Amino acid sequence: MKGGEVASGDAIHRGDPVIVDRYKVDARINHWLTAGSFVLLALSGLALFHPSLYFLTGLFGGGSWTRAIHPWLGTFLFIGYLGLFIRFWKYNLWTPTDGTWLAKLHVFLRGHEEDMPEVGRYNFAQKCVFWSMTAFILVMIGTGLVIWEQYFAAYTTVDQKRLAVLVHSMCAIVMICIVIVHVYGALWARGTLTAMLKGRVTGGWAWRHHRKWLRELATGKSDQTPRGTPAE
Ligand code: HEM
């Protein structure tokens, strides 16, 4: 039976070490296509952002190609993120534990994760990245369509386009910062990258970082205190 934190495909495999399946192959392909399109999107966007970064257009075959490709990359990212959103939104919903976790953020930042409340599939910080990314992608696609001259030039005024360019570029900078935080988090918690690369983590990783998720997976019940020794 699946609990609220457990996704289809999550499973525990006995052994030394215990292995826990966290992402199915389709979720990983979805994630890496989205991540790849984001990197290309950021590079092509920065190339158009400031003359000092114009040299980046060389990566895309020159200025005209960069301008033509960028909105399509954005469309691709939007569809890719929509896939991630559909897969993961329910595990990113706010729970009372998130409030307790946030109140003890200073403990987490000092590196004492063992003194934090038990976390489900995602912790408060991961949920913040998820929802802020969702909001910014919506703003980016909306403003991006307004300034996509080739197809939508006739639908908005020059003033609306000016405002859209401003919002689009400012939000892009914030989004790049959010992704840097996301990547930093993935590298900082050792063993996390394996989750997205191979789809699995060790029992020790799950016990340390997402104990509530592991408990649910082991018992099949939400908020159940397990009997016996945890998976190491
Ligand atoms: C470019 C380098 C990136 C790396 C190295 C990376 C790495 C990871 C890793 C390791 C996880 C698994 C975290 C866990 O299971 O606890 C993850 C999850 C995720 N990533 Fe990325 N990622 C990258 C880029 C992106 C981008 C650009 C986006 C979106 C635009 C994104 C969206 C997500 C989402 C939605 C999840 C699921 C977490 C959640 O729902 O809160 N990632 N990523």
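Because the structure is predicted, anything quoted here is derived from the model rather than measured. Just follow the structure's listing: the first ligand is 1, and inside any ligand the first atom is 1.
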Original post:
Given the rule that I, L, V, M, F, W and Y join up when any side-chain heavy atoms are under 4.5 Å apart, are Leu138 and Val129 in one cluster?
Top reply: yes
Original post:
Backbone or side chain, does any N or O of Thr192 fall under 3.5 Å from an N or O of ligand 1?
Top reply: no
Original post:
Can a donor-acceptor pair be found between the side chains of Lys212 and Thr95 at a distance below 3.5 Å?
Top reply: no
Original post:
What residue and heavy atom of the protein are closest to atom 27 (C) of ligand 1, and at what distance?
Top reply: Phe38 CB, 3.5 Å
**OP:** Could you check atom 15 (O) of ligand 1 against the protein and tell me its nearest heavy-atom contact, residue, atom and distance included?
**Re:** Tyr23 OH, 2.5 Å
**OP:** Please name all residues satisfying ring pair (Phe, Tyr, Trp, His ring centres under 6.0 Å) with Phe76, sequence neighbours left out, ordered by chain then number.
**Re:** none
Original post:
Going by an N to O cut-off under 4.0 Å, is there a salt bridge joining Lys127 and Asp98?
Top reply: yes
**OP:** Indicate, with yes or no, if Leu82 and Leu41 share a hydrophobic cluster defined by side-chain heavy-atom contacts under 4.5 Å among Ile, Leu, Val, Met, Phe, Trp and Tyr.
**Re:** no
Subject >> atom 28 (C) of ligand 1 - nearest protein heavy atom and its distance >> reply: Met133 CE, 4.1 Å
Subject >> Subset of ligand 1 atoms that lie under 4.0 Å from at least one heavy atom of Phe88 >> reply: 37 (C), 40 (O)
Subject >> Taking atom 35 (C) of ligand 1 as the reference point, the nearest protein heavy atom with its distance >> reply: Phe130 CD1, 3.8 Å
Original post:
Taking the minimum heavy-atom distance to atom 30 (C) of ligand 1, which of Trp32, Trp213, Tyr81, Phe78 ranks first?
Top reply: Tyr81
Subject >> Close-contact set for ligand 1 against Asn92 heavy atoms, below 4.0 Å >> reply: 39 (C), 40 (O), 41 (O)
Original post:
Pairs in or reaching into residues 45-71: which pass ring pair (Phe, Tyr, Trp, His ring centres under 6.0 Å), with residues at least two apart or in two chains?
Top reply: none
Original post:
Can you say whether the rings of Phe108 and Trp101 are parallel (under 30°), tilted (30 to 60°) or perpendicular (over 60°)?
Top reply: tilted
**OP:** Give me the ring orientation class for His182 and His31: parallel if the planes are under 30° apart, tilted from 30 to 60°, perpendicular past 60°.
**Re:** tilted
Original post:
Do Phe78 and Phe85 make the cut of ring centroids closer than 6.0 angstrom?
Top reply: no
**OP:** Kindly write out the residues that satisfy side chain to side chain contact (heavy atoms under 4.5 Å, CB included) with Tyr151, not counting sequence neighbours, or none if the list is empty.
**Re:** Trp72, Trp148
**OP:** For atom 32 (C) of ligand 1, state which one of Leu84, Thr194, Val129, Leu187 supplies the nearest heavy atom.
**Re:** Leu84
Original post:
Does any N or O atom in Arg22 lie less than 3.5 angstrom from one in ligand 1, N or O only?
Top reply: yes
**OP:** For atom 21 (Fe) of ligand 1, report each protein N, O or S atom nearer than 2.8 Å, sorted by chain and then by residue number.
**Re:** His31 NE2, His182 NE2
Subject >> Contact check: Gln126 vs ligand 1, nitrogen or oxygen atoms, below 3.5 angstrom >> reply: yes
**OP:** Report the relative orientation of the aromatic rings in Trp94 and Phe124; use parallel for angles under 30°, tilted for 30 to 60°, perpendicular for over 60°.
**Re:** perpendicular
